[in-house]
Number of protein chains: 2
Amino acid sequence: MLTIGETAELLGISAHTLRYYEKEQIVVPHREPGGDRRYDESHIGWLKFVIKLKETQMPIAAIRKYAALAAEGDHTSEDRLNLLAEHKRSIRAQLETLQAADEMLERKIAGYRTFIHS
Amino acid sequence: MLTIGETAELLGISAHTLRYYEKEQIVVPHREPGGDRRYDESHIGWLKFVIKLKETQMPIAAIRKYAALAAEGDHTSEDRLNLLAEHKRSIRAQLETLQAADEMLERKIAGYRTFIHS
DNA sequence: ATATTGATTAGAGCGTACTCTAAGTCAAGT
DNA sequence: ACTTGACTTAGAGTACGCTCTAATCAATAT
């Protein structure tokens with residue numbers, strides 16, 4: 001059971017951000033008698049997953065929706081599957097955009113090299 | 001020579017955005033005697049390039065920097081090359097992140113399918 | 001006993017990239 | 001002459017995702 005500071009450190013995000021995620025209903029940690037937050041293994045695993053989703057531009061709102069479904073129970077698993085499948089399609093689209101841009105830049109850079117060394 | 005509305009239409013962005021890009025020194029169109037903006041082929045080509053850069057998360061500030069170098073003349077081409085090469089590395093990093101996430105989601109989705117059909 | 005450290009809260013503020021509003025000008029069509 | 005529509009400006013507002021502030025509390029270290 002980690003404190004907010006330890007959890008932030010471990011995940012490479014700020015304690016501010018963890019409180020923000022709680023306000024957004026993305027993670028709801030346990031509380032100590034004094035009111036301090038405590039994050040257990042399941043919170044950490046979930047947060048690592050959230051961070052992966054964020055890295056791929058999934059909006060907070062969509063993550064919150066997914067979290068809400070997961071909190072509702074097993075009967076929402078099909079909805080969650082659909083959400084993830086849709087996000088996977090968005091990742092594929094991003095990959096294509098990036099690959100096209102990468103090639104475009106490659107050509108542009110080659111052009112510059114020719115120009116500079118001429 | 002296109003008006004701001006025609007240019008916006010052609011590029012799939014808003015006239016507001018074109019004025020914003022001008023304020024940010026990213027494109028400086030010609031002006032009619034009455035003050036209306038006019039975009040020529042070179043503006044359009046440059047804007048298409050800008051849009052490609054934006055699609056790959058290049059910040060407006062970096063694009064502005066690149067535009068400023070280009071406006072300065074041929075002697076900045078090496079700096080521009082470096083800017084593009086660096087951005088290309090960022091695209092590669094994004095590609096790796098997305099590929100990892102894609103695989104992670106593939107596994108997660110496969111897990112859901114097993115669960116749902118059990 | 002005091003100081004430091006790390007936590008709490010509500011709510012304000014920030015950076016990015018737009019996006020829109022208000023008030024107005026101007027040219028063309030009926 | 002009037003309307004329509006596209007344009008102009010400065011500046012305000014929006015959405016997102018944090019990020020920080022202020023005031024406070026509680027446990028530990030000296």
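Chain letters run A, B, ... following the sequence lines, proteins first, then strands; residues in each count from 1.
Residues that satisfy the side chain to side chain donor-acceptor pair (under 3.5 Å) test with B/D36, not counting sequence neighbours, are absent from this structure. For the side-chain contact (heavy atoms from CB on, under 4.5 Å) test, residues two or more places apart in sequence or in another chain that qualify with A/L10 are A/L2, A/I44. Every side-chain contact (heavy atoms from CB on, under 4.5 Å) that A/H16 has, sequence neighbours left out, goes to A/S14, A/R19. With sequence neighbours excluded, the residues that form a side chain to side chain donor-acceptor pair (under 3.5 Å) with A/T76 are A/R80.
Spacing between atom CG of A/D36 and atom P of D/dT24 amounts to 18 Å, rounded to whole angstrom units. Here the C1' atom of nucleotide D/dC18 and the NZ atom of A/K23 are 9 Å apart, to the nearest Å.
Considering only side-chain N and O atoms, B/R37 lies under 4.0 angstrom from the phosphate OP1 or OP2 of D/dT9.
In this structure, A/Y21 and A/I60 have side chains that are in contact, with non-hydrogen atoms separated by less than 4.5 Å. Annotation: side chain of A/Q94 is not in contact with side chain of B/Q94 (no heavy-atom distance under 4.5 Å). A heavy-atom distance below 4.5 Å is found between the side chains of B/E22 and B/P29.
Near DNA chain D, defined here as any heavy-atom distance below 4.0 Å, there are no residues from residues 46-69 of chain B. Using a 4.0 Å cutoff on non-hydrogen atoms, the parts of residues 24-31 of chain B near DNA chain D are B/R31, ordered by number. For DNA chain C, the residues of residues 12-22 of chain B within the heavy-atom distance limit of 4.0 Å (strictly under) are B/H16, B/T17, B/Y20, B/Y21, sorted by number. A heavy atom closer than 4.0 Å to some atom of DNA chain D occurs in B/T3, B/I4, B/G5, these being the qualifying members of residues 3-11 of chain B.
By the 6.0 Å contact criterion, CD on B/E6 is enclosed, its count of non-hydrogen atoms from other residues, nucleotides or ligands being greater than 12. Atom CD of A/Q99 is surrounded by more than 12 heavy atoms from other residues, nucleotides or ligands within 6.0 Å.
Remark: side-chain polar atoms of B/T114 are paired, donor with acceptor, to backbone N or O of B/A110 under 3.5 angstrom.
For residues 106-118 of chain A, the set of pairs meeting the salt bridge (Lys or Arg N to Asp or Glu O under 4.0 Å) definition, not counting sequence neighbours, comprises A/E106-B/K88. Annotation: ring pair (Phe, Tyr, Trp, His ring centres under 6.0 Å) contacts involving residues 79-109 of chain A, sequence neighbours excluded, are absent.
Within the nucleic acid shown, B/G35 comes within 4.0 Å of sugar-phosphate atoms alone, with no base atom in reach, counting heavy atoms only.
Between B/W46 and B/F49, the ring planes are tilted. Angles from 30° to 60° get that label.
Taking a heavy-atom distance under 4.0 Å as the criterion, the stretch of DNA chain C touched by chain B extends 5' to 3' from C/dA17 to C/dT21.
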Pairs of donor and acceptor atoms involving the side chains of residues 61-72 of chain B, under 3.5 Å and at least two apart or interchain, shall be tabulated with distances.
residue, atom, partner, partner atom, Å
B/R64, NH1, B/E24, OE1, 2.3
B/Y66, OH, A/Y112, OH, 2.6
B/E72, OE1, B/H75, NE2, 3.3

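Cluster annotation: A/V27 is connected to A/I51 through the hydrophobic network of ILVMFWY side chains, with a link wherever side-chain heavy atoms come within less than 4.5 Å.
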